[in-house]
Amino acid sequence: MAGKHFVITGKSGVGKSMVAANLGAALAEAGHRVLLIGYDNHRSSARNLSGGNNFARLPGWPQGDDTPLYARGYRGALCLEAGTTVTAGKEAAEVALAAHPLVAAYQPEYVLHDLPWEPGPGFRLPAGVDGGGVVLAVTSADRCSLHVLNGLFAWLNTVAAADTRLGGVVANNLSGPLHEAIVSDFAGQTGASVTAALPHSIMVSVSDFYSQTLLQSAPFSHVSYAYRKLARTLTEGGAQRRPRPLEEDALKRWATNWGDIIAELETGVVHGGLGI
Ligand SMILES: Nc1ncnc2c1ncn2[C@@H]1O[C@H](COP(=O)(O)OP(=O)(O)OP(=O)(O)O)[C@@H](O)[C@H]1O
Ligand SMILES: [Mg+2]
């Protein structure tokens with residue numbers, strides 16, 4: 001499929017769909033033709049980028065409840081919802097979707113894939129991604145999301161095609177400098193770069209309730225500017241080094257160390273030392 005592909009992945013619930021929809025909105029706002037493909041029957045990303053517009057069933061496909069849906073959205077973005085028709089393991093359907101005449105006619109410059117399957121041993125990119133996808137790793141500052149991120153780095157180093165690149169880590173839902181420090185320390189340990197640090201913002205959930213992107217519902221919010229900056233960084237971005245995952249033991253030590261730091265900050269009791 002034509003265009004530059006961004007594959008948005010991370011642990012479930014980490015904020016992938018919000019990042020996908022708002023990144024799509026920011027790219028569309030910058031004048032690009034954006035195709036967003038969601039593979040999730042909740043339709044979160046495409047619904048928000050389309051502003052809750054009515055989806056139509058994709059023509060030229062067996063018509064039924066699980067026919068992929070499409071709508072035009074913010075600044076003309078094309079939103080496709082593959083739903084349960086195209087899920088992990090259904091590569092033929094992914095190929096058919098990527099080759100659909102509607103997609104070919106649209107000639108997207110940027111294709112965003114909002115993946116529902118988590119990085120793990122069997123991780124793979126959608127079949128329509130050729131010519132080197134750019135993987136965006138969304139994480140929050142909790143141990144489990146960072147553990148999943150570590151698994152993605154392992155995949156990048158062992159299974160991924162040579163031309164698959166990491167566009168960077170998108171740290172999402174951060175509450176304050178401690179969260180930023182945790183993610184940037186993990187990135188530092190693995191040699192990854194944090195491409196965007198997006199704060200927790202109640203306005204992000206408000207936009208979700210409105211079935212909109214934040215760029216539509218709160219265009220002047222500082223988080224909207226953070227999404228725009230992410231879009232600019234990615235369109236201008238050069239190659240990033242492939243990060244090295246931490247070995248299981250090192251990952252455990254790293255997590256325990258942060259557990260100690262957080263506990264010390266919370267309780268004032270220095271680990272293995274005196275109370276302060
Ligand atoms: N920066 C943020 N600030 C506040 N709320 C956020 C932020 N990012 C995401 N959320 C909220 O977190 C919830 C989960 O986000 P989202 O649906 O994007 O996650 P996801 O990774 O796509 O989940 P799933 O794995 O289920 O597809 C949503 O209710 C969303 O509004
Ligand atoms: Mg999602």
Side-chain angles (χ1 to χ4, degrees), residues 6-26 36-52 55 68-69 73-74 77 79-88 111-120 122-123 125-126 135-149 151-152 167-180 182-184 194-231:
F6 291 116
V7 177
I8 295 135
T9 186
K11 187 185 162 286
S12 67
V14 89
K16 299 179 297 292
S17 295
M18 292 301 122
V19 169
N22 283 289
L23 175 60
L36 170 64
I37 308 182
Y39 301 82
D40 153 21
N41 31 359
H42 300 303
R43 294 197 229 147
S44 342
S45 49
R47 189 193 57 224
N48 289 354
L49 183 58
S50 73
F55 284 89
L69 304 172
Y74 185 57
C79 309
L80 271 184
E81 259 314 329
T84 49
T85 308
V86 182
T87 48
V111 184
L112 310 185
H113 301 262
D114 179 13
L115 287 198
W117 56 90
E118 281 190 5
F123 185 71
L125 302 185
V135 175
L136 279 184
V138 184
T139 186
S140 47
D142 60 286
R143 189 203 58 79
C144 194
S145 305
L146 290 163
H147 196 275
V148 169
L149 197 65
L152 177 73
V169 172
V170 175
N172 185 43
N173 226 346
L174 304 175
S175 295
L178 180 64
H179 279 180
E180 281 195 42
I182 292 171
V183 179
S184 59
V194 179
T195 307
L198 304 167
H200 172 79
S201 160
I202 197 69
M203 291 309 291
V204 173
S205 17
V206 169
S207 70
D208 195 17
F209 277 100
Y210 287 152
S211 293
Q212 286 185 334
T213 61
L214 190 70
L215 271 74
Q216 290 163 280
S217 62
F220 302 112
S221 147
H222 63 297
V223 190
S224 289
Y225 284 103
Y227 289 127
R228 291 185 185 105
K229 189 173 164 206
L230 171 62

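Whatever order the structure lists ligands and atoms in, that order sets their numbers, starting from 1.
Ranked by closest heavy atom to atom 8 (N) of ligand 1, the top entry among Val14, Asn172, Asp114 is Asn172.
For the pair His113 and Phe6, the minimum side-chain heavy-atom distance is 4.5 Å or more. The side-chain heavy atoms of Leu36 and Leu80, taken from C-beta on, include no pair separated by under 4.5 Å. The shortest side-chain heavy-atom distance between Val7 and Leu115 falls under the 4.5 Å cut-off. No side-chain heavy atom of Val148 sits under 4.5 Å from any side-chain heavy atom of Thr139. Side-chain contact between Thr195 and Val169 is absent, with no heavy atoms from C-beta onward closer than 4.5 Å. Ser50 has its side chain within reach of Phe55: a pair of non-hydrogen atoms, C-beta onward, lies under 4.5 Å apart. The closest side-chain heavy-atom distance from Ser45 to Glu81 is below 4.5 Å. Taking the side chain as every heavy atom from C-beta outward, Leu230 and Leu23 approach each other to under 4.5 Å.
Rounded to the nearest 0.5 angstrom, Leu146 CG and Arg143 CZ are separated by 9.0 Å. Remark: Leu198 CG to Glu180 CD distance equals 10.0 Å, nearest 0.5 Å. Rounding to the nearest 0.5 angstrom, the gap separating the CD atom in Gln212 from the OH atom in Tyr74 is 10.0 Å.
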Exercise. Dump the intermediate steps for side-chain contact (heavy atoms from CB on, under 4.5 Å) on Thr9 and Leu152, then the final yes or no.
Key: CA-CA 9 Å; Thr9 186; Leu152 177 73; 4.0 Å; yes
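The ligand atoms of ligand 1 that sit less than 4.0 angstrom from a heavy atom of Ser12 are 25 (O). Near Asp208, with a cut-off below 4.0 Å to any heavy atom, the atoms of ligand 1 are 28 (C), 29 (O), 30 (C), 31 (O). Taking a cut-off of under 4.0 Å to the non-hydrogen atoms of Ser205, the atoms of ligand 1 that pass are 31 (O). Numbered from 1 in the order shown, with element, the atoms of ligand 1 that lie under 4.0 Å from a heavy atom of His200 read 3 (N), 4 (C).
In this structure, Pro199 has a heavy atom closer than 4.0 Å to ligand 1. Not a single heavy atom of Pro116 sits closer than 4.0 Å to an atom of ligand 1. Ligand 1 has no atom lying under 4.0 Å from any heavy atom of Leu198.
Residue Gly15 has at least one N or O atom closer than 3.5 Å to an N or O atom of ligand 1. For ligand 1, the polar-atom distance check finds no N/O of Tyr227 at less than 3.5 Å from any of the ligand's N/O atoms.
Scanning the protein for heavy atoms near atom 17 (O) of ligand 1, the closest one is Ser17 CB, 4.0 Å. Of all protein heavy atoms, the one closest to atom 26 (O) of ligand 1 is Gly13 N, 4.0 Å. At the top of the distance list for atom 10 (N) of ligand 1, counting protein heavy atoms only, stands Val204 CG1, 4.0 Å. The protein heavy-atom contact nearest to atom 18 (O) of ligand 1 is Met18 N, 2.9 Å. The single protein non-hydrogen atom nearest to atom 20 (P) of ligand 1 is Lys16 N, 3.5 Å, given as residue, atom name and distance. Scanning the protein heavy atoms around atom 4 (C) of ligand 1, the nearest turns out to be Ser201 O, 3.0 Å.
Contacts with ligand 1 closer than 4.0 Å are made by no heavy atom of Val138, backbone or side chain.
When the side chain to side chain contact (heavy atoms under 4.5 Å, CB included) test is applied to Ala26, the partners found at least two apart in sequence or on another chain are Leu215, Arg228, Ala231. Under the rule for a side chain to side chain contact (heavy atoms under 4.5 Å, CB included), the partners of Ala218 that lie at least two apart in sequence or sit in another chain are Met203, Leu214, Ser221.
Listed by first and then second residue, the side chain to side chain donor-acceptor pair (under 3.5 Å) pairs that reach into residues 197-208 are Arg47-Asp208, Asn48-Asp208, Asn173-His200, sequence neighbours excluded.
Protein heavy atoms all stay at least 4.0 Å away from atom 12 (O) of ligand 1. When distances from atom 6 (C) of ligand 1 to the protein are checked, a heavy atom turns up under 4.0 Å. Within a 4.0 Å radius of atom 2 (C) of ligand 1, the protein has at least one heavy atom.
For the Mg ion (ligand 2), protein N, O or S atoms closer than 2.8 Å were enumerated as Ser17 OG, with waters left out.
Taking both residues in full, the closest heavy atoms of Val194 and Ser184 are given as CG2-CA, 4.2 Å, listed atom of the first, atom of the second, then distance.
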